[in-house]
2 protein chains.
Amino acid sequence: MSTEATPHAGLRSLLPGFAPGSAGSGSTWRARLIAEAADLTRSGGWQTITMAKLADRVGVSRQTVYNEIGSKQELAEAMVMHEVEGFLRGVDASFEAHPDDLVGAIREAAAGVLRAVRTNPLMHAVLSASHGAESDLLPLLTTEASPIIDAARVLIREHLDAYEVPLESARIDALVDMVIRLVLSHVTTPSGTPEETADDIAFIAERVLAL
Amino acid sequence: MSTEATPHAGLRSLLPGFAPGSAGSGSTWRARLIAEAADLTRSGGWQTITMAKLADRVGVSRQTVYNEIGSKQELAEAMVMHEVEGFLRGVDASFEAHPDDLVGAIREAAAGVLRAVRTNPLMHAVLSASHGAESDLLPLLTTEASPIIDAARVLIREHLDAYEVPLESARIDALVDMVIRLVLSHVTTPSGTPEETADDIAFIAERVLAL
DNA sequence: ACTTTACAAGTAGCACCCTCTTGTCAAACG
DNA sequence: CGTTTGACAAGAGGGTGCTACTTGTAAAGT
């Protein structure tokens, strides 16, 4: 069943239509189009994208773009979804990598996210938007951003339940919420290197967990 | 010396030109003008304000406004400063009210801020802007917003030093930073009542302090 | 100490036009 | 069958020129 980089069970359920090996049947161009759109967004900003330019870039007719994607709004959603997927996958991997070190997992997850948004302006835009900030890169978060955060919340919560956490459920929720908010806060308003910030967050988490 | 609601010594140093009893000599209209401007901003938004309207509202000539304030940019700064003053004063008061209960002080300060931004859209705008969010109410935060946060940071840190905190300095800084970021996060993106949120933050702080 | 009047410079809004883009269709192609 | 092509209506976006208002300063008036 699992070939490589098998995601956590919870991750699959959070990413509808997620199938590691096969990208589907009819969608030959879909992935290429979304990737190229993300690239164009990263370089020139979302508003410079036109369906014609995108089609040209991929080497396909404009009609094919509409057949594969549907509309420009759906293109945006697909792009965002793709970034969110990467975001969640990174967080997931951090937890998978530290099965017996919860604090270490949190530190790595936080540092990973903070590093990622530094080099990936699109992911930065998506996460910023999910936290109230506006981005010139992506004025299209019509899709309420809270689902993104909720997904991260659920994912982390699931992972936490795999460790022995001596806290009642409501307190664990508060902790998870805190970690997410702190990371997002440092996404929009950084105050140090990803590693320094992740260390601070890990310290706080460690004290709260009282391990 | 102290007549009423004497602020913490540190608060005075953070608010240049702050003198509780006397509002100064020449500035007869200044306070009225700033208050009225804040009111107009709250109701109609900053961009609807004109110096003429403001003068009319207060019942003085337009020239007087320029004499008292200087320019529209300075009006904005004065307004923001006034809100920041209220914000810091509230935080300060919370700590003064709990000289022997640090966690309680943090809870009250957090709850107070979260309650205040709910009823005061201008303060909401100022604090949101200090955290990366844009506001239609106030597109004038030319003054880098970080000083506001820095002031809060210094103020809280000063208060914390009055309690016995069994942590090294860098860790206390991390804690203060966390509390501020969490509160600001809930300013831009609330997730419950001010009291619930404040409880969660207080819980986290308590665990970190390991009291 | 405040008002009034006057003024230059700059900005904001508006109506207009033109262009480009979106989204859809049907027909043609390999 | 998937893809392309050309054509199309509707509408969004981007300039332009104009007017009206606003800012900021200065003087003289009360």
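Just so we're on the same page: letters track the sequence lines, and every chain starts at 1. Small disclaimer: the values here were computed from a predicted structure and weren't measured. As a basis for the values below, the full set of heavy atoms in this structure was taken, side chains included, without hydrogen atoms, waters or symmetry mates.
Applying the salt bridge (Lys or Arg N to Asp or Glu O under 4.0 Å) definition to pairs two or more places apart or across chains, those involving residues 175-193 of chain A are R153(A)-D177(A), D177(A)-R181(A). Counting only residues at least two apart or on different chains, the ring pair (Phe, Tyr, Trp, His ring centres under 6.0 Å) pairs with a member in residues 63-97 of chain A are F95(A)-H159(A). Among residues at least two apart or in separate chains, salt bridge (Lys or Arg N to Asp or Glu O under 4.0 Å) pairs with a member in residues 114-128 of chain B are R115(B)-E195(B). Annotation: ring pair (Phe, Tyr, Trp, His ring centres under 6.0 Å) contacts involving residues 110-137 of chain B, sequence neighbours excluded, comprise H131(A)-H131(B).
For residues 36-45 of chain A, proximity to DNA chain D is found at no residue, defined as any non-hydrogen atom under 4.0 angstrom from a strand atom.
Computed from C1' positions of five pairs at each end, the angle between the two local axes of the helix from dA1(C)-dT30(D) to dG30(C)-dC1(D) equals 40°, rounded to 10 degrees.
Between Y163(B) and H98(B), the closest heavy-atom pair is OH-O, 2.6 Å. Of all heavy-atom pairs between A151(B) and L88(B), the closest is CB-CD1, 3.9 Å.
Residue contacts for T50(A): at a heavy-atom cut-off of 4.0 Å it reaches the sugar-phosphate backbone alone, with no base atom in range. Residue contacts for I69(A): at a heavy-atom cut-off of 4.0 Å it reaches no nucleic acid atom on any strand shown.
At the phosphate of dT4(D), OP1 or OP2 sits under 4.0 Å from a side-chain N or O atom of T64(A). The phosphate of dT3(D) (OP1 or OP2) has a side-chain N or O of W29(A) nearer than 4.0 angstrom.
Put simply, CG on D56(A) is 11 Å from P on dT4(D), counting in whole angstrom units. Rounded to an integer number of Å, the gap from CD of Q47(B) to C1' of dT11(C) is 14 Å. Atom CG in N67(B) sits about 10 Å away from atom P in dT25(D), given to the nearest Å. Atom pair E68(B):CD and dT3(C):P shows a separation of 10 Å (rounding to whole Å applied).
For D56(B), there are no side chain to side chain donor-acceptor pair (under 3.5 Å) partners at least two apart in sequence or on another chain. By the side chain to side chain donor-acceptor pair (under 3.5 Å) test, T50(B) is found to be paired with no residue, residues two or more places apart in sequence or in another chain being considered. In this view, S61(B) and T64(B) satisfy the side chain to side chain donor-acceptor pair (under 3.5 Å) rule, not counting sequence neighbours. With sequence neighbours excluded, the residues satisfying side chain to side chain donor-acceptor pair (under 3.5 Å) with E83(A) are R42(A), N120(A). Taking the salt bridge (charged side-chain N to carboxylate O under 4.0 Å, His left out) definition, one finds that D173(B) meets it with R157(B), sequence neighbours left out.
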Review point. What does nucleotides 23-30 of chain C look like as a protein-contact string, B for base, S for sugar-phosphate only, - for none, at under 4.0 angstrom between heavy atoms?
Key: BBB-----
